[in-house]
Amino acid sequence: MENPQSLYLSGPSPIQPGELAQSFLTSHWLSRPATQVAPDLIGCTLVRQLPNGDCLRGQIVETEAYEAGDPACHAYRRKTARNAVMFGPAGFTYVYLIYGMYHCLNVVTDRPEFASAVLIRALQLETIPPFTTSRRESPHRLAAGPGKLCRVLQIDLSLTAQVLQPGSPLWLEPRPKSFRDRYPQGQPPLVQTTRIGLSQGGDLPWRWYLADSPAVSKR
DNA sequence: TGAAGGATTTGT
DNA sequence: CAAATCCTTCAC
């Protein structure tokens, strides 16, 4: 590791896939404010390893940040059994059930006690799972939305408070070379706008998505 | 112990 | 635009 500090301080990880994986996947790179991590997660890969060993992979194309002091954050009022993981160190999952039928996946960010997380809102799937032979919807939109994403990756409450690292049910990988090569200036076309579906905090521009991705949930 | 409501999705 | 559906939170 030539410059560990850069992993902690700077933006998108410049490292190659497979390099410094442990540092990227665990706390350092994620131990920044959610509003910094959220745009940097765009282009990174989310990997889901099923109980049978099969892996499903998708490129993150849409995220939202939720921070301490943010009225839309589940940890805004106080620490509870549900949101407790957000008060801990970065690099853990926070999964919750919404409307009694969908799950949402978050990545815990920042330092302990600064309860915050990034909601993963949409993925562009690398491979279409064979069991999702949906004819009613185009394959590239199977994970376009936080609830749909969890449905196709088989993510439920049992996957909350899990560390994001290889061998776990879920982990993250840096932006692949193919992604970096797509944007020669090193700057992917990100759109920053307001978050979706909130009753409070709807004015904060804490949602980011990849402008040229067909898998974004809403425009 | 009960009631209200939700970081969604889908179909009418 | 409303239903589906159940966990979490807060009030009593």
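Heavy atoms only: backbone and side chains are in, while hydrogens, waters and symmetry mates are out. Chain letters run A, B, ... following the sequence lines, proteins first and then strands; every chain starts at 1.
Looking at L125(A) and P139(A), their side chains never come closer than 4.5 Å, going by heavy atoms from C-beta outward. For the pair S31(A)/T109(A), no side-chain contact is recorded, criterion being any heavy-atom separation below 4.5 Å from C-beta on. By the 4.5 Å heavy-atom criterion applied to side chains, C104(A) and E64(A) are not counted as neighbours. Considering only heavy atoms from C-beta on, V107(A) stays 4.5 Å or farther from V37(A) through its side chain.
Residue ring and nucleobase are not stacked for Y102(A) and dT8(B) under a centre distance beneath 5.5 angstrom and an angle between planes beneath 30°.
At a threshold of 4.0 angstrom between heavy atoms, the contacts of L119(A) include nucleobase atoms, whether or not backbone atoms are also involved. Using a 4.0 Å heavy-atom criterion, one finds that G100(A) contacts the bases of the nucleic acid, with or without backbone contacts as well.
The stretch residues 194-201 of chain A touches DNA chain B through I196(A), G197(A), L198(A), S199(A), each having a heavy atom under 4.0 angstrom from the strand. Looking at residues 64-82 of chain A, you'll see Y66(A), A72(A), H74(A) sit with a heavy atom under 4.0 Å from some atom of DNA chain B. For the segment residues 207-219 of chain A, the set of residues with a heavy atom within less than 4.0 Å of an atom of DNA chain B is empty.
The CZ atom of R175(A) sits 8.5 Å away from the CG atom of L41(A) when rounded to the nearest 0.5 Å. Here OG1 of T193(A) is found 14.0 Å from CH2 of W206(A). Values are rounded to the nearest 0.5 Å. Annotation: the span from T63(A) atom OG1 to I42(A) atom CD1 amounts to 4.0 Å, rounded to 0.5 Å. Once rounded to the nearest 0.5 Å, the distance linking CG of L46(A) with CD of E173(A) reads 9.5 Å. Taken to the nearest 0.5 Å, the CE atom of M86(A) stands 7.0 Å off from the NE2 atom of H74(A).
The distance between atom CD1 of I120(A) and atom C1' of dT8(B), rounded to the nearest whole Å, is 16 Å. The CH2-C1' distance, from W206(A) to dA7(B), rounds to 14 Å in whole Å. Atom C1' of nucleotide dT8(B) and atom CD of E62(A) are separated by 12 Å, given to the nearest angstrom. Rounded to an integer number of Å, the gap from K148(A) NZ to dT10(B) C1' is 10 Å. For the pair Y99(A) OH and dT10(B) C1', the interatomic distance rounds to 14 Å; values are reported in whole Å. Distance, L204(A) CG to dA7(B) P: 14 Å, rounded to whole Å.
Stem regions for DNA chain B, each three or more consecutive Watson-Crick or G-U pairs with both distances under 3.5 Å and listed by first number, read B:1-6 with C:6-11, B:8-11 with C:1-4.
For Q124(A), the side-chain hydrogen bond (donor to acceptor under 3.5 Å, both in side chains) criterion is met by S213(A), not counting sequence neighbours.
Interface limits on DNA chain C: the 5'-most and 3'-most nucleotides within less than 4.0 Å of chain A heavy atoms are dA4(C) to dC10(C).
Ring centroids of Y96(A) and Y94(A) are separated by less than 6.0 Å, placing the two rings close together.
Counting heavy atoms of neighbouring residues, nucleotides and ligands inside a 6.0 Å radius, atom CZ of R182(A) exceeds 12 of them.
For the side chain to side chain contact (heavy atoms under 4.5 Å, CB included) with L105(A), the lone residue among T93(A), T160(A), L119(A) that qualifies is T93(A). With R121(A) as reference, I196(A) is the one residue of I196(A), L149(A), I60(A) to meet the side chain to side chain contact (heavy atoms under 4.5 Å, CB included) rule.
Put simply, the side chain of R48(A) never gets that close to the backbone of I155(A): no donor and acceptor are under 3.5 Å apart. A side-chain donor-acceptor contact under 3.5 Å links R141(A) to the backbone of V216(A).
Relative to the side chain of E137(A), the nucleotides dT9(B), dT10(B), dA7(B) differ in distance, and dT10(B) lies closest.
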